[in-house]
Amino acid sequence: MKLVIQRVREACVTTEGEVLGRIGQGFLILIGVMEGDTPDLCEYLAAKTADLRVFTDEQDKLNLSLKDIGGEALVVSNFTLGGDCRKGHRPSFIRSAKPPLADGLYELYMEKLRGHGIHVESGRFGAHMDISMTANGPVTILMDTDQMKKGAN
């Protein structure tokens with residue numbers, strides 16, 4: 001599973017003029033589910049996301065988490081995060097999970113994030129969406145469970 005987490009002042013996702021989700025201060029999270037991903041990764045990543053200390057404290061240090069500031073999350077499914085650009089100029093998405101698995105784990109990740117006390121808004125799985133945001137920092141974090149597993153050894 002891959003997450004791109006962008007610290008934002010505000011973010012909104014729409015499709016065909018319909019607002020699907022809107023948040024104030026918090027995270028815009030793009031989530032890519034990969035073939036072989038499992039439900040246990042959702043809890044692991046939700047806990048990491050909720051406790052990620054990338055908001056500034058009184059000394060202007062990145063010391064506060066989403067939970068600490070009462071921030072929100074806008075979570076948008078993005079299968080293109082599984083794109084492999086090693087060969088040619090057109091990405092291959094063969095590693096991206098198929099819709100039944102991807103949608104299920106996308107929903108489970110949001111459920112687990114809510115379980116950590118985070119208010120979660122979302123996009124619509126499989127839809128073409130427009131996202132607007134005001135980045136804060138910018139602070140952008142990549143969480144890739146494949147890379148995280150390698151670092152744990």
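In this structure, the side chains of Tyr109 and Leu3 come closer than 4.5 Å at one or more pairs of heavy atoms. Under the 4.5 Å side-chain criterion, counting only non-hydrogen atoms from C-beta, Val33 is not in contact with Ser96. Taking the side chain as every heavy atom from C-beta outward, Thr49 and Ile5 approach each other to under 4.5 Å. Between Leu142 and Gln147 there is no side-chain heavy-atom pair separated by less than 4.5 Å. Contact annotation: the side chain of Arg53 never approaches that of Leu62 to less than 4.5 Å [non-hydrogen atoms, C-beta and beyond]. Using a 4.5 Å heavy-atom threshold, the side chains of Thr80 and Pro91 count as separate.
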Stepwise, does the side-chain contact (heavy atoms from CB on, under 4.5 Å) test hold for Phe27 with Ile141? CA-CA 10 Å; Phe27 290 150; Ile141 304 295; over 6 Å; no
Test log, rule side-chain contact (heavy atoms from CB on, under 4.5 Å), inputs Arg7 and Gln25: CA-CA 8 Å; Arg7 189 178 75 179; Gln25 184 179 25; over 6 Å; no
Checking side-chain contact (heavy atoms from CB on, under 4.5 Å) for the pair Val76/Leu28: CA distance, chi angles, key distance, verdict? CA-CA 8 Å; Val76 179; Leu28 168 62; 4.2 Å; yes
Run the side-chain contact (heavy atoms from CB on, under 4.5 Å) check on Glu111 and Cys42 step by step: do they pass? CA-CA 9 Å; Glu111 177 185 318; Cys42 294; over 6 Å; no
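With Glu72 contributing its side chain and Gly24 its backbone, the two residues share a donor-acceptor pair below 3.5 Å. With hydrogens and angles disregarded, a donor-acceptor distance shorter than 3.5 Å links the side chain of Thr15 to the backbone of His128. Listed for the Thr14 side chain is no donor-acceptor partner under 3.5 Å among the backbone atoms of Gly17. The backbone N or O of Val75 sits nowhere less than 3.5 Å from a side-chain atom of Glu121 that would complete a donor-acceptor pair.
Minimum heavy-atom separation, Leu81 to Val4: CD2-CG2, 3.7 Å. Taking each heavy atom of Gly123 and Met129 in turn, the nearest pair found is CA-SD, 3.7 Å. Closest approach of Asp68 and Ser65 over heavy atoms only: OD2-N, 2.9 Å. Shown here for Arg124 and Leu20, the closest heavy-atom pair between the two residues is NH2-CD2, 3.2 Å. Residue Leu108 comes nearest to Pro39 through the heavy atom pair CD2-CB, 3.5 Å, listed as atom of the first residue, atom of the second, then distance. Residues His116 and Lys67 approach most closely at O-CD, 3.2 Å, considering heavy atoms.
The hydrophobic cluster containing Val8 does not contain Phe55, counting ILVMFWY residues as joined when their side-chain heavy atoms lie under 4.5 angstrom apart, directly or transitively. Both Leu30 and Leu74 sit in one connected hydrophobic cluster of ILVMFWY residues. Membership requires side-chain heavy atoms under 4.5 Å apart, directly or through other members. Val120 and Val54 fall within a single hydrophobic cluster, where Ile, Leu, Val, Met, Phe, Trp and Tyr are joined by side-chain heavy atoms under 4.5 Å apart, directly or via other members. Leu113 and Leu105 fall within the same hydrophobic cluster, where Ile, Leu, Val, Met, Phe, Trp and Tyr residues are linked whenever their side-chain heavy atoms come under 4.5 Å apart, directly or through other members. Ile31 and Val13 sit in two unconnected hydrophobic clusters of ILVMFWY residues. Membership requires side-chain heavy atoms under 4.5 Å apart, directly or through other members.
We find the CE-CE distance between Met1 and Met143 to be 12.5 Å, quoted to the nearest 0.5 Å. Remark: Asn136 CG to Arg9 CZ distance equals 4.0 Å, nearest 0.5 Å. Remark: Arg86 CZ to Ser92 OG distance equals 9.0 Å, nearest 0.5 Å. Taken from CG in Asp40 to NZ in Lys112, the straight-line distance is 10.0 Å, to the nearest 0.5 Å. Taking CD of Gln6 as the reference point, atom CD1 of Ile29 lies at 11.0 Å (rounded to 0.5 Å). In this structure, CD in Glu58 is found 8.5 Å from CG in Asn63, a value given to the nearest 0.5 Å.
Of the listed residues (Asp37, Asp84, Asp146), just one forms a salt bridge (Lys or Arg N to Asp or Glu O under 4.0 Å) with Arg95, and that residue is Asp146.
No more than 12 heavy atoms of other residues, nucleotides or ligands sit less than 6.0 Å from atom NZ of Lys48. Summarising the local packing, CZ of Arg114 is surrounded by more than 12 heavy atoms from other residues, nucleotides or ligands at distances under 6.0 Å.
Between Phe79 and Phe125, the gap from one ring centroid to the other reaches at least 6.0 Å.
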